[in-house]
Amino acid sequence: LIRRSIAADITEKLMSRVAVLAGCLILAAGPAFAQSKAAIQKLDDAWAAAFNKGGAKAVAAMYTPDAYVLPQGAPMVHGAQAIEALWHDEMQHIGDVKCTALNVKSLGPRAAREVGTCTFKTKATPPENGALKYAVVWEKSGRTWKLLQDIWNFDK
Amino acid sequence: MLRAAVLSASFVLAAAAPAFAQSKAVLQKDADAWAAAYNKGDAKAVAALYTADADVLPDHGDLAHGRAAIEAMVKKMVESGTYQNDLKVTVQGVRSLGPNTASEIGTYSITPKNQPSQPEVGKFASVVRKVGSKWLLQTDIWNTNK
């Protein structure tokens, strides 16, 4: 355990050094910092585009393998298959989803927290407009950012 | 010799303590404190479990930012008198996101006064941050299963 925590400490130091270096590179390269609101908004847009196209597999691929989704009105689901099934089901009921990042907080070099809102239209006739608020945690997985936990609810 | 071993062992344990702090047991204690304060109607004590810049996204309510807004939100929940004072929160999963940050998910149950035979069951997701020696809630959101 001690060895592991020392190793973790060294990794952490290395990681933060890498992060500083990466930060410099990114500053030099332009405004592409992964934990910025703009970068997270791009991920939100990709999520919504996949959802609106009916691509449950593509939506599920944006989650870590051990992610949790806590849907309003149903028990939590865990893991890629269950998450794909959940979104496949949701796609039958709603569409035209648009999500907006309101507040993004860096949680260190490999995680970020996002709070935002989404609007959508139900697939009922006539369609109804809906809105929700959400909080998610993004985790860096290799070079890409993936959702580790995802939960939403309604204001009213 | 023995004393030295015990001393160094306890020193090492003390030094290693932050690694344990993200464990489910520690966060379960904090969740119990949240429920106990809420069940007593102590909004100030609930708000004290959050970081100064915390965001709370209550089910059927507006986003609250910061301790004063969180205290007002909890006060409103308590004063609505919708529920019995039997909130129970269970931490189910904890994930370390670094030395001072973790995310957690879990479930809760609480009994509506007008439907005592049907407790409301729901779930929450939070981000916790270590501030001094305490783990405080930095983001908190919940919803119902029905």
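All chains are named by letter (A, B, ...) in the order of the sequence lines, taking the proteins before the strands, and each is independently numbered beginning at 1.
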Check the hydrophobic clustering (I, L, V, M, F, W, Y; side-chain heavy atoms under 4.5 Å; chains of links allowed) and say if [X] and [Y] are grouped together.
{"X": "A:Leu86", "Y": "A:Met76", "result": "no"}
{"X": "B:Val56", "Y": "B:Tyr108", "result": "yes"}
{"X": "B:Tyr38", "Y": "B:Leu136", "result": "no"}
{"X": "A:Tyr134", "Y": "A:Trp87", "result": "yes"}
{"X": "A:Val77", "Y": "A:Val59", "result": "yes"}

Legend entry - Toward chain A: residues of residues 57-72 of chain B with heavy atoms under 4.5 Å: B:Leu57, B:Pro58, B:Asp59, B:His60, B:Gly61, B:Asp62, B:Leu63
Inset, instruction - Select all residues of residues 40-50 of chain B having any heavy atom within less than 4.5 Å of some heavy atom of chain A, and report them by number, or 'none'. - result: none
Go through the atoms of [X] and report whether side chain, backbone, both or neither lie under 4.5 Å from a heavy atom of chain B.
{"X": "A:Gln72", "result": "both"}
{"X": "A:Lys133", "result": "both"}
{"X": "A:Asp150", "result": "neither"}
{"X": "A:Ala111", "result": "side chain"}

Legend entry - Criterion side chain to side chain contact (heavy atoms under 4.5 Å, CB included) against A:Val137, the qualifying member of B:Thr101, B:Leu97, B:Thr139, B:Ile105: B:Leu97
Heavy-atom closest contact ([X] atom, [Y] atom, distance):
{"X": "B:Ala125", "Y": "A:Ile151", "result": "CB-CG2, 3.6 Å"}
{"X": "A:Arg113", "Y": "B:Gln138", "result": "NH1-NE2, 3.8 Å"}
{"X": "B:Ser103", "Y": "A:Leu148", "result": "OG-CD2, 3.7 Å"}

Would you say [X] has more than 12 foreign heavy atoms packed within less than 6.0 Å of its [atom1]?
{"X": "A:His78", "atom1": "NE2", "result": "yes"}
{"X": "A:Gln92", "atom1": "CD", "result": "yes"}
{"X": "B:Lys29", "atom1": "NZ", "result": "no"}

Pairwise distance [atom1]([X]) to [atom2]([Y]) - rounded to 0.5 angstrom:
{"X": "A:Lys105", "Y": "B:Asp55", "atom1": "NZ", "atom2": "CG", "answer": "5.5 Å"}
{"X": "B:Lys123", "Y": "A:Tyr68", "atom1": "NZ", "atom2": "OH", "answer": "13.5 Å"}
{"X": "B:Glu104", "Y": "A:Gln149", "atom1": "CD", "atom2": "CD", "answer": "8.5 Å"}

Inset, instruction - Please check if the side chain of B:Asn143 supplies one atom and the backbone of A:Asn153 the other of a donor-acceptor pair under 3.5 Å. - result: no
Legend entry - Proximal component of B:Asp140, with respect to chain A [non-hydrogen, under 4.5 Å]: neither
